[in-house]
Structures are given as C-alpha cells and as structure tokens.
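This report concerns only the one structure given below.
If you read the sequence from its start, that first residue is 1, and numbering goes on from there.
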Amino acid sequence: MSDIKMVDITFHIDKETDDATRAKVESDLRQVDGVVSVHMPEDERHLVVVEYNADTTTSSDLLATVQGAAGHAEMIGL
C-alpha cells in the first residue's frame, strides 16, 4: 500500500468574479481526477483553495482549469 500525496494549493482570481463564474470554477475543478476538495470562501472571493492527490494531477493542470473557467488566475501558494 502506498501513501497518497495530498497537496493544498491556493489560486488567486479576480475578487469581482461573479457567482456564476465562481460556480463554474468549482464545478470544473471537482471534475479533475485527483481533486479531493475545493474551498472558495465567501469572505475571500479572490481565493480558491484546492486539495488534490499529487500522484494524479498537477498544480499546472489545476491552474489551467481555473484559468479556463475564470479567464485569469495565478498560483499563490502550495
């Protein structure tokens, strides 16, 4: 049995992102194989925190997913 490599990463999106786009970001991320959780705090609308299995997907793939849904995103923390 091998250990699962769980990683948290934080993305920054525009704080003015509307609710529909935020919902799309969350939905698209949840469809990525290896994503365990997505947290988008209502009081920090510019942040997206994702927990994922690093053996299954990469931070670059997740960034591309967020950028595809929100139009703009940056990785700000691992």
Side-chain angles (χ1 to χ4, degrees):
M1 183 170 148
S2 64
D3 292 330
I4 297 174
K5 296 178 188 169
M6 299 306 294
V7 178
D8 289 329
I9 188 165
T10 303
F11 297 100
H12 181 273
I13 60 174
D14 188 331
K15 68 180 180 179
E16 302 301 323
T17 302
D18 62 45
D19 289 339
T21 302
R22 284 172 46 92
K24 179 159 177 47
V25 168
E26 182 174 1
S27 175
D28 288 0
L29 282 169
R30 290 189 184 279
Q31 292 180 34
V32 175
D33 190 33
V35 169
V36 174
S37 70
V38 178
H39 180 65
M40 300 179 72
E42 193 60 39
D43 61 336
E44 300 281 350
R45 295 183 59 86
H46 61 288
L47 299 179
V48 181
V49 182
V50 181
E51 182 178 16
Y52 67 98
N53 179 343
D55 289 332
T56 307
T57 193
T58 67
S59 59
S60 296
D61 289 340
L62 297 174
L63 176 61
T65 299
V66 176
Q67 288 173 333
H72 170 77
E74 300 170 335
M75 277 190 276
I76 60 171
L78 293 172

Nearest-0.5 Å distance, [atom1] of residue [X] to [atom2] of residue [Y]:
X     : Y     : atom1 : atom2 : value
Glu74 : Asp14 : CD    : CG    : 10.5 Å
Gln67 : Ile13 : CD    : CD1   : 11.5 Å
Leu29 : Met40 : CG    : CE    : 8.0 Å
Thr17 : His72 : OG1   : NE2   : 9.0 Å
Leu47 : Phe11 : CG    : CZ    : 11.5 Å

Which residues share a side chain to side chain contact (heavy atoms under 4.5 Å, CB included) with Thr56, sequence neighbours left out: Asp33, Asn53
Minimum heavy-atom separation for [X] and [Y], please, with both atom names.
X     : Y     : value
Ala69 : Lys24 : CB-CG, 3.9 Å
Arg30 : Ser37 : NH1-CA, 4.3 Å
Asp3  : Asp55 : O-OD2, 4.0 Å
Val35 : Tyr52 : CA-CB, 4.1 Å
Arg45 : Asp19 : NH2-OD1, 2.7 Å
Ala54 : Val7  : CB-CG2, 3.6 Å

In one Ile/Leu/Val/Met/Phe/Trp/Tyr side-chain cluster, 4.5 Å: Val49, Val38: no
Within-4.5 Å side-chain heavy-atom neighbours: Asp61 and Val32: no
Test: Arg22 and Glu26 ion pair at under 4.0 Å: no
